[in-house]
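In what follows, every chain begins at residue 1, and chains take the letters A, B, ... in the order their sequences are listed. Everything numeric in this text was worked out from a predicted model, so none of it was measured.
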There are 2 protein chains.
Amino acid sequence: MATTLHDVARVAGVSFKTVSNVINNHPHVRPTTRAKVEVAIRELGYRPNLTARSLRSGHTGAVTLALPQLSLPYFAELADAVIEAAAKHGLVVLIEQTGADRDRELEVMSSPRLKMSDGLIFSPLELGQADVDLIRADVPIVLLGERIFDSNSDHVAIQNIEASRSATEHLLDLGRTRIAVVGAHQGEVIGSAGLRLRGYREALQARGIPYDDGIVAYVRDWHRSNGAAAMHDLLDRGATFDAVFGLNDTLAQGAMRVLQEAGYRIPDDAAVIGFDDLDETRYSLPTLSTVDPGRNEIAETAVKVLLDRIKNPEGPPRAMKAAFRVVPRESTVGAGRP
Amino acid sequence: MATTLHDVARVAGVSFKTVSNVINNHPHVRPTTRAKVEVAIRELGYRPNLTARSLRSGHTGAVTLALPQLSLPYFAELADAVIEAAAKHGLVVLIEQTGADRDRELEVMSSPRLKMSDGLIFSPLELGQADVDLIRADVPIVLLGERIFDSNSDHVAIQNIEASRSATEHLLDLGRTRIAVVGAHQGEVIGSAGLRLRGYREALQARGIPYDDGIVAYVRDWHRSNGAAAMHDLLDRGATFDAVFGLNDTLAQGAMRVLQEAGYRIPDDAAVIGFDDLDETRYSLPTLSTVDPGRNEIAETAVKVLLDRIKNPEGPPRAMKAAFRVVPRESTVGAGRP
DNA sequence: GACGAAGTTTACAACGTTGAATGAGAGTGT
DNA sequence: ACACTCTCATTCAACGTTGTAAACTTCGTC
């Protein structure tokens, strides 16, 4: 069906290996034969069979990106960034959704499908410190996020604690002292929720403000509806606060919506900040202050580290951190300022 | 490095072909040998090399999904749906972003990378009727959306005209007669914008309401900021209207934000409806009425049609339509009703 | 105890490609 | 004129798998 090296060779009147040599820019191909072959290639519309090439060379030119779910905007934007970063290296990206399901996260690593790619960029949600020994596959792995704290895989981390401390400090600098938190996970320490909560507490502590669990709302998932429900919960409890820290943008937007319904003016009655710098935070009413966790840097670093690891499988695991940045917008500093 | 059929065969004391037979559940394998082989497989942690299998069998078990950009929520949700639909058939999905760039859309089809998959599900944005002859690759293609009107590829379409007419009728049924449109494309006929505008005009005409170009705002892209800018533009022109039809949800949300800033009460002063049924429309303030274009059905149908086409490359192209549904929410019917 | 018909296992070739080794010509220095 | 090098092209084997066909068992039947 498809044309092969042999077909081209027959038309050009050379051996199929010579065609291969032309395609791979081998030295020692006479210009006249090269031209002859190139004509034949164009004539037949020959395209190399990447599967055969992969089998022979041992690598596929693809990487797998495993993440919870694309319909969550954070992961969609992450995937966008990873695809663009991979494209710069001529790699194509194959996406697996784990649905934040522990079994599916484990399955991703053991599935033979993984071998259709040269490596795995993995953003786990359910796997934690206890599962470190299970983080293993027959391709190199780079972990994203800060869910796994101390593993022997390569690792590109969000600076959750530091970024969260900065976000909290931003609110404190504005004179807010009763900062509610939306989106904590009960009992968690190592995951994003735990670390961001820790950054929040550190910021309070540094200013001598006591931590009050009464203005911390716990949720199970980080969807918009959970943010809304958590804020309803806070209001029902009669909690008093002058600021809200949504542990991610989606939660913050859900919370902001409920606050507005309840008659709060933002930022006057309550300043709101999120985390992730989703594109949409620039267009909410008011625009949402947030933290840019360095998404593009994360994607680019992840691809680079993965390629290094593929080239050099041995060597100690590397842990990288992305630079973050607090992004003040109307929900904390009001409409007047830039 | 990795264990192969031969390694397993050596351990089990059989020929490598017998191991292959066990793995492929061939009949006529003695239970005792099967057991022996299975022990060896487990012991060595053998996993089949999918690349070799692909080369031999001629298909890869992957499909390519080409779309403009994952950070656009509509396409993220579409990708989610396609991945899940593909997974049901044991297929993995490889994503290419075209960035709404004509050259990249063309390149996707001619890239040898495409041959790493068995087929292409393609959601073009820039290619139009004039390019029908360019829609061709050495794998089967299924087109999504309604950008290409009359091609000889398989095709799963949104019912843009009909759905848009229904959305408009929904507003008309609420007694609104001055319905502004946000997001038209200048001079377009065949694309989503053109078709949705046509549905809008048909609905007006059916009720004997004249079309007024003065309340139609044109944009270049369908981002939130474009919706906001378009609404600014309408307000600056002094346009009067009692409803707004955003040609997609993102535009509608951008428009809604500007309306609220300008002091409009929604839906009292202006009812707003979008198009796409993005997840986030359920959480805006007010929640956004919209049209569900049948995203899941589109994804599932696309995968099914593609598989049919792979199995049977000949045969006339099929054009399928997904069922749509108007979803009334607060932005048109207010908070009181369900 | 030979014979055919199953059941069971194996050898061989092929998928399309690339690396290593080999061969064929042409040019250079003695 | 001869060995030698250098350029260019070819042959051969291999990557790990599966389909085809052939070979070897086992078993029941006469």
Asker: Measuring to OP1 and OP2 of D:dA9, would you say a side-chain N or O of A:Thr33 lies under 4.0 angstrom away?
Answerer: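 Result: yes.
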Asker: Determine, step by step, whether A:Glu84 and B:Arg104 satisfy the salt bridge (Lys or Arg N to Asp or Glu O under 4.0 Å) criterion, reporting the C-alpha distance in whole Å, the side-chain angles of both residues, the deciding distance to 0.1 Å, and the verdict.
Answerer: CA-CA 13 Å; A:Glu84 293 307 313; B:Arg104 285 176 71 181; 3.6 Å; yes
Asker: Without decimals, in angstroms, what is the distance between B:His28 NE2 and D:dA21 P?
Answerer: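 These atoms are roughly 15 Å apart.
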Asker: Quick one: on DNA chain D, does A:Pro27 or B:Pro48 contact a more 5' nucleotide (nearest heavy atom)?
Answerer: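 The residue whose closest nucleotide sits nearer the 5' end is A:Pro27.
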Asker: To the nearest angstrom, how far is B:Asn49 atom CG from C:dC15 atom C1'?
Answerer: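 So the CG-C1' distance, B:Asn49 to C:dC15, works out to 13 Å.
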Asker: Specify the separation, in whole Å, of atom NE2 of A:His6 and atom P of C:dG16.
Answerer: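 After rounding, the reported distance stands at 9 Å.
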Asker: Nearest-Å distance, CG (A:Leu5) to P (C:dT17)?
Answerer: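 It works out to 4 Å between those atoms.
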Asker: Please confirm whether the shortest side-chain N or O distance from B:Arg30 to OP1 or OP2 of C:dT9 is below 4.0 Å.
Answerer: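 For C:dT9, OP1 or OP2 has a side-chain N or O of B:Arg30 closer than 4.0 Å.
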Asker: I'd like to know if A:Arg295 and A:Asp80 make a salt bridge, using a cut-off of under 4.0 Å between side-chain N and carboxylate O.
Answerer: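 No, this pair does not count.
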Asker: C:dG16, OP1 or OP2 - any side-chain N/O from A:Arg53 closer than 4.0 Å?
Answerer: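 For C:dG16, OP1/OP2 do not have a side-chain N/O of A:Arg53 under 4.0 Å.
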Asker: Check A:Arg113 with A:Glu107, please: is the shortest side-chain N to carboxylate O separation under 4.0 Å?
Answerer: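 Looking at A:Glu107 and A:Arg113, the cut-off is met.
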Asker: Output the rounded distance in Å from CZ (B:Phe16) to P (C:dT8).
Answerer: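 From B:Phe16 CZ to C:dT8 P: 21 Å.
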Asker: In terms of side-chain geometry, is the basic nitrogen of B:Glu300 or B:Lys88 positioned less than 4.0 Å from the acidic oxygen of its partner?
Answerer: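 Yes, this pair counts.
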Asker: Quick one: is B:Thr18 getting a side-chain N or O under 4.0 Å of the C:dT10 phosphate, OP1 or OP2?
Answerer: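 Result: yes.
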Asker: Take atom CG of B:Leu55 and atom P of C:dA13, then tell me their distance rounded to the nearest Å.
Answerer: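 Atom-to-atom, B:Leu55 to C:dA13, this comes out as 18 Å.
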Asker: Looking at B:Arg56 and C:dA14, is any side-chain donor or acceptor paired with a base atom of the opposite kind under 3.5 Å?
Answerer: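 Between C:dA14 and B:Arg56, which were checked side chain against base, a qualifying N/O pair under 3.5 Å is present.
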Asker: Hey, is the side chain of A:Lys17 pairing donor to acceptor with the base of C:dG19 inside 3.5 Å?
Answerer: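 Looking at the base of C:dG19, it does pair with a donor or acceptor on the side chain of A:Lys17 (distance under 3.5 Å).
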Asker: Using a strict 4.0 Å threshold on nitrogen-to-oxygen distance, state whether B:Arg318 and B:Asp154 make a salt bridge.
Answerer: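 Looking at B:Arg318 and B:Asp154, the cut-off is not met.
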Asker: Return the value, rounded to whole Å, for the distance between atom CG of B:Asp7 and atom C1' of D:dT17.
Answerer: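 About 13 Å, once rounded to whole Å.
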Asker: Is there a side-chain contact between A:Ser20 and the phosphate of C:dT17, meaning an N or O under 4.0 Å from OP1 or OP2?
Answerer: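 No, outside the criterion.
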Asker: Go through C:dG16, C:dA11, C:dT18 for me and flag the one nearest to the B:Ser15 side chain.
Answerer: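 Of C:dG16, C:dA11, C:dT18, C:dA11 is nearest to the side chain of B:Ser15.
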Asker: May I have the distance from B:Asn21 (atom CG) to C:dG7 (atom C1'), rounded to whole angstrom?
Answerer: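 From B:Asn21 CG to C:dG7 C1': 13 Å.
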